[in-house]
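Both ligands and their constituent atoms are indexed starting at 1 by order of listing. All residue numbers in this chain count up from 1 along the given sequence.
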Amino acid sequence: MIDMIQGNLHTVEANIKAACERSGRARDDVKLIAVSKTKPVEMLREAYDAGCRDFGENKVQELIEKYEQMPKDIRWHMIGHLQRNKVKYIVDKVCLIHSVDSLRLAEEISKEAIRKNVTVSILIEINVAKEESKFGVMTEAAVSLVEAISQLPNITVKGLMTIAPYVENSEENRLYFAKLKQIYVDIIHKNIDNVCMEELSMGMTGDYEVAIEEGATLIRVGTGIFGERQYTTV
Ligand SMILES: *Cc1c(COP(=O)(O)O)cnc(C)c1O
């Protein structure tokens, strides 16, 4: 197992480097988030020992359990759909919430952040491909959502996130990544107070190289590091 994760990380790292070179970007502009959902802490430790410090989880309960067991210098990323009643458990534990797609959710984050005396960094999740099955705000509503959230205390909008469609050929997602980048640039030009657009979270195992070429600063890789996930059906 140790060899598998270390080997996978080397492969991913080589791919990141190559994609950065192809697109004239610095390697430091792209941060790899190891998406460890469903995987046991033993595997997370192996990734940690191999140098990973950014981990992504999509369930609050699982994130908290792993947070308790893993070293404290890890930066935890909440990348999954977040229910308002669970916000209070994670506001002081995560470095970034990638999946904010409504004002009501942002208001709850702001409220809990005030209570815990922290400032929470968030990304706005945008459904650029307009997939019915996906969370995320529609492109047309993105700017007004960012403007509304920027008024809330103890919360800072740091950028945008999208989950591209599942495709066989990653080139099919290039236009969605380019579109997210365009929305990002549009928002920068609006100079909204308390919004500092720095991060574009896009690209997963199947398409992170294309995402890097289109400007991703955060890529979320699970399968490519930890192997296929096994979901038990209930
Ligand atoms: C699971 C997940 C990933 C990682 O997916 P892989 O295809 O295994 O790399 C990335 N982003 C989000 C939001 C996820 O839920």
Side-chain angles (χ1 to χ4, degrees), residues 1 4-5 7-16 19 30-41 43-44 46-47 50 52-66 74-83 86 90 94-102 105 121-137 158-174 176-177 180 199-233:
M1 276 306 198
M4 183 197 82
I5 290 175
N8 286 347
L9 279 166
H10 280 132
T11 305
V12 171
E13 181 55 40
N15 292 340
I16 294 172
V30 181
K31 189 181 264 183
L32 171 64
I33 299 172
V35 176
S36 47
K37 64 190 186 196
T38 79
K39 298 296 180 183
V41 285
M43 292 180 84
L44 277 69
E46 288 165 16
C52 290
R53 290 296 178 274
D54 289 86
F55 287 80
E57 290 285 339
N58 70 340
K59 294 209 161 65
V60 166
Q61 182 67 32
E62 193 175 340
L63 189 153
I64 292 167
E65 281 169 16
K66 288 171 173 172
I74 287 175
R75 293 177 291 268
W76 293 96
H77 297 256
M78 177 60 192
I79 61 173
H81 181 64
L82 181 56
Q83 287 170 303
K86 297 200 172 149
I90 61 160
V94 295
C95 98
L96 187 62
I97 299 174
H98 292 230
S99 44
V100 177
D101 63 357
S102 74
L105 174 59
S121 295
I122 64 154
L123 305 180
I124 306 299
E125 179 175 353
I126 301 185
N127 186 352
V128 274
K130 298 195 189 310
E131 288 184 285
E132 298 244 342
S133 59
K134 294 258 171 79
F135 292 106
V137 66
K158 283 276 167 81
L160 308 177
M161 179 270 226
T162 198
I163 304 174
Y166 179 77
V167 290
E168 288 291 328
N169 175 3
S170 59
E171 283 297 331
E172 291 172 39
N173 280 337
R174 189 179 290 279
Y176 297 125
F177 297 142
L180 194 72
E199 308 287 5
L200 267 178
S201 171
M202 57 189 195
M204 305 170 31
T205 296
D207 53 22
Y208 65 87
E209 294 164 85
V210 174
I212 291 170
E213 289 170 10
E214 296 302 325
T217 63
L218 299 170
I219 57 170
R220 311 178 305 266
V221 180
T223 311
I225 295 172
F226 298 105
E228 294 287 338
R229 285 177 294 274
Q230 244 112 52
Y231 289 100
T232 45
T233 44

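In terms of protein heavy atoms, atom 14 (C) of ligand 1 is closest to K37 NZ, 2.9 Å. The protein atom (non-hydrogen) at minimum distance from atom 5 (O) of ligand 1 is M204 CE, 3.4 Å. Of all protein heavy atoms, the one lying nearest to atom 8 (O) of ligand 1 is T223 OG1, 2.5 Å. Ranking protein heavy atoms by distance to atom 11 (N) of ligand 1, first place goes to R220 NE, 2.8 Å. For atom 9 (O) of ligand 1, the closest non-hydrogen atom on the protein side is T205 OG1, 2.4 Å.
Under a 4.0 Å heavy-atom criterion, H98 is not in contact with ligand 1.
The environment of CD in E228 is sparse: at most 12 heavy-atom neighbours from other residues, nucleotides or ligands sit within 6.0 Å.
Note: an N/O pair closer than 3.5 Å links G222 and ligand 1 by distance alone. In terms of polar-atom proximity, defined here as any N/O pair under 3.5 Å, N58 makes no such contact with ligand 1.
Side-chain atoms of E125 and T162 include no donor-acceptor pair closer than 3.5 Å.
Of the candidates I79, V221, L218, the one placing a heavy atom closest to atom 12 (C) of ligand 1 is I79.
Close approach of ligand 1 to R229 is summarised as follows: ligand atoms under 4.0 Å from at least one heavy atom of the residue are 1 (C), 5 (O), 6 (P), 8 (O).
Under the 30°/60° scheme for interplanar angles, the aromatic rings of H77 and H98 are found to stand perpendicular.
E62 and K59 are not joined by a salt bridge, as no carboxylate oxygen comes within less than 4.0 angstrom of a charged side-chain nitrogen. Looking at E199 and K31, no side-chain N of the basic residue comes within less than 4.0 Å of a carboxylate O on the acidic one, giving no salt bridge.
In this structure a side-chain-to-backbone donor-acceptor pair under 3.5 Å is present from S102 to L105.
Taking OH of Y208 as the reference point, atom CG of N173 lies at 15.0 Å (rounded to 0.5 Å).
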